[in-house]
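In what follows, chains carry the letters A, B, and so on, assigned in the order in which the sequence lines appear, proteins first and then strands, with residues in each chain numbered from 1. From a predicted model like this one, the values you see are computed outputs, not experimental measurements.
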2 protein chains.
Amino acid sequence: MPKQELVVLGQTAAPAADGCCPELLTAPLAEDQAAELAKVFKALGDPVRLRLLSMIASGAGGEICVCDLTPAFDLSQPTISHHLKLLRQAGLIDCERRGTWVYYWLLPETTDRLAGILTRPGRPAPAAPRS
Amino acid sequence: MPKQELVVLGQTAAPAADGCCPELLTAPLAEDQAAELAKVFKALGDPVRLRLLSMIASGAGGEICVCDLTPAFDLSQPTISHHLKLLRQAGLIDCERRGTWVYYWLLPETTDRLAGILTRPGRPAPAAPRS
DNA sequence: CTCCTGATTCGAAGTCTGTCTATGCAACGT
DNA sequence: ACGTTGCATAGACAGACTTCGAATCAGGAG
């Protein structure tokens, strides 16, 4: 059921491809790059999705079952499923069915990418949250 | 005309205040923190606003005049003004009137904050775009 | 095979967003 | 004082987003 991500941000591991890392803070963003980036940020622009992503990223073993996600919200199960789908289409998470349950995990390449885009060149390292 | 930011993210320079840095990737996000974070990400979730922010951040002298921003888009001047207002309310930029023209500049604390939130603890430093 | 549970998909309210035109306000020049 | 230019605000409207209940699909158990 995965295999439908939008493959945004061109996260193809190539160190410096052609249309490589969009530069948000140092050069004017091209129109198409802005459109792709906006999809990811829009996916993060909802409190429910942020909490979902947070729960997924901090889940034991790096993954979590939908059945553990749903009861944490005052929302119907289809609504949670919808938000998970949007996060998946943004390339932020992926999932796999294992028997009865579906497990989700974070795709760190995308968050790393965003962090890099939001980092000013002069900066040594943005203070990661103290674990 | 500034002075109406939402003061999101509690960017009060305190190194480790009480509800300090929300941990997106290492611990489940609290509801109110998720709501505040979502406002900022939502402001970034539009291609026009991303390009505006990019142009502002990369402007000569760290600032740029609205009159240089508006003609770069196929949008009406009030629409640009509207997007700038949203970016301002998200705490991403600020502005000042100097004579006839209004100048905007980036508030790096907010983007730094977001970069930190999106950075995994194990990570040394997200690759900042090569200047 | 049939039933039950977990999860996604579908269709339909209700609300929010992005955009426009029209208007208002501030600063400058004549 | 008056008109012009630059920018912000107000109101209106189409399209998108969020949410729900109902229906559907996938696995496991009896």
Side-chain angles (χ1 to χ4, degrees), chain A residues 1-6 31 34-35 37-53 55-56 59 63-90 93-105, chain B residues 1-6 31 34-35 38-53 55-56 59 63-90 92-105:
Chain A
M1 177 179 320
K3 298 284 168 293
Q4 41 176 314
E5 297 84 28
L6 281 188
E31 238 172 292
L37 255 184
K39 288 178 191 168
V40 187
F41 281 123
K42 189 176 298 185
L44 293 173
D46 182 281
V48 174
R49 288 196 290 271
L50 273 182
R51 289 179 61 202
L52 282 171
L53 189 73
M55 294 177 69
I56 291 171
E63 60 182 22
I64 196 169
C65 174
V66 174
C67 58
D68 293 327
L69 252 25
T70 306
F73 298 84
D74 284 335
L75 294 171
S76 68
Q77 191 187 33
T79 298
I80 300 296
S81 188
H82 170 67
H83 285 303
L84 288 171
K85 185 179 181 179
L86 292 186
L87 286 173
R88 196 148 34 83
Q89 290 180 332
I93 59 175
D94 201 358
C95 67
E96 182 189 28
R97 177 163 216 128
R98 289 209 277 278
T100 306
W101 295 282
V102 176
Y103 289 84
Y104 280 81
W105 59 87
Chain B
M1 181 179 319
K3 299 285 167 290
Q4 42 176 311
E5 294 85 29
L6 280 186
E31 236 171 295
K39 288 178 192 169
V40 187
F41 281 124
K42 190 176 299 186
L44 293 174
D46 182 281
V48 174
R49 288 195 289 271
L50 274 181
R51 289 179 61 202
L52 282 171
L53 188 73
M55 293 177 68
I56 292 171
E63 62 183 21
I64 196 170
C65 173
V66 175
C67 58
D68 292 327
L69 252 27
T70 306
F73 298 84
D74 284 334
L75 294 172
S76 69
Q77 174 264 324
T79 298
I80 300 298
S81 188
H82 170 66
H83 285 304
L84 288 171
K85 183 180 182 178
L86 292 184
L87 286 173
R88 196 150 32 87
Q89 290 179 334
L92 286 160
I93 59 175
D94 200 358
C95 67
E96 182 189 28
R97 175 163 217 129
R98 289 209 278 278
T100 306
W101 294 282
V102 176
Y103 289 84
Y104 279 80
W105 59 87

Test log, rule side-chain contact (heavy atoms from CB on, under 4.5 Å), inputs B:Glu96 and B:Tyr103:
CA-CA 5 Å; B:Glu96 182 189 28; B:Tyr103 289 84; 5.5 Å; no
What integer distance in Å separates [X]:[atom1] from [N]:[atom2]?
{"X": "B:Asp46", "N": "C:dC16", "atom1": "CG", "atom2": "P", "answer": "18 Å"}
{"X": "A:Tyr103", "N": "C:dA7", "atom1": "OH", "atom2": "C1'", "answer": "13 Å"}
{"X": "A:Lys42", "N": "D:dG15", "atom1": "NZ", "atom2": "C1'", "answer": "11 Å"}
{"X": "B:Glu96", "N": "C:dA27", "atom1": "CD", "atom2": "P", "answer": "12 Å"}
{"X": "A:Leu87", "N": "D:dC17", "atom1": "CG", "atom2": "P", "answer": "14 Å"}
{"X": "A:Trp101", "N": "D:dA26", "atom1": "CH2", "atom2": "C1'", "answer": "13 Å"}
{"X": "B:Leu50", "N": "C:dT17", "atom1": "CG", "atom2": "P", "answer": "16 Å"}
{"X": "B:Asp68", "N": "D:dG6", "atom1": "CG", "atom2": "P", "answer": "12 Å"}

Counting only side-chain heavy atoms from C-beta out, which of [options] sits nearest to [X]?
{"X": "B:Thr100", "options": "D:dT18, C:dA27, C:dT8", "answer": "C:dA27"}
{"X": "B:Lys85", "options": "D:dT18, C:dA7, D:dT9", "answer": "D:dT9"}
{"X": "B:Cys67", "options": "D:dT18, D:dC7, C:dT9", "answer": "D:dC7"}
{"X": "A:Pro78", "options": "C:dT8, D:dA8, D:dT18", "answer": "C:dT8"}
{"X": "B:Gln77", "options": "D:dA8, C:dG18, D:dG6", "answer": "D:dA8"}

Can you find a pair of side-chain heavy atoms, one from B:Tyr104 and one from B:Val66, that are under 4.5 Å apart?
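SC-SC contact between B:Tyr104 and B:Val66 confirmed.
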Specify the residue among B:Gly99 and B:His83 whose closest nucleotide of DNA chain C lies further upstream toward the 5′ end.
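So the residue in question is B:His83.
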Let me spell it out: for each of A:Thr70 and B:Gly45, pick the nucleotide of DNA chain C with the closest heavy atom. Which residue's pick is nearer the 5' end?
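Looking at DNA chain C, the more 5' nearest nucleotide goes with A:Thr70.
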According to a strict under-4.0 Å criterion, is [X] in side-chain N/O contact with OP1 or OP2 of [N]?
{"X": "A:Tyr104", "N": "C:dT8", "value": "yes"}
{"X": "B:Ser81", "N": "D:dA8", "value": "yes"}
{"X": "A:Ser76", "N": "D:dC20", "value": "yes"}
{"X": "A:Arg97", "N": "C:dT8", "value": "no"}

N/O donor-acceptor pair under 3.5 Å between A:Arg49 side chain and A:His83 backbone
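Not confirmed, A:Arg49 side chain does not pair with A:His83 backbone.
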Name the residue from A:Leu86, A:Asp46, A:Leu84, A:Thr70 that meets the side-chain contact (heavy atoms from CB on, under 4.5 Å) definition with A:Leu52.
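Testing each of A:Leu86, A:Asp46, A:Leu84, A:Thr70 against A:Leu52, the sole residue satisfying side-chain contact (heavy atoms from CB on, under 4.5 Å) is A:Leu84.
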Would you classify [X] as touching base, sugar-phosphate or nothing, given that sugar-phosphate means primed atoms plus P, OP1 and OP2, and contacts are heavy atoms under 4.0 Å?
{"X": "A:Ile80", "result": "nothing"}
{"X": "A:Leu84", "result": "nothing"}
{"X": "B:Leu86", "result": "sugar-phosphate"}
{"X": "B:His82", "result": "base"}
{"X": "A:Arg98", "result": "nothing"}

Check the pair B:Ile93 / B:Trp105 against side-chain contact (heavy atoms from CB on, under 4.5 Å), numbers first and verdict last.
CA-CA 6 Å; B:Ile93 59 175; B:Trp105 59 87; over 6 Å; no
Residue whose nearest DNA chain D nucleotide is more 5′ - A:Leu75 or B:Val66
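Between the two, 5'-proximity favours B:Val66.
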Would you sort out whether B:Arg51 and A:Glu31 count as a side-chain contact (heavy atoms from CB on, under 4.5 Å), showing the intermediate values?
CA-CA 7 Å; B:Arg51 289 179 61 202; A:Glu31 238 172 292; 3.2 Å; yes
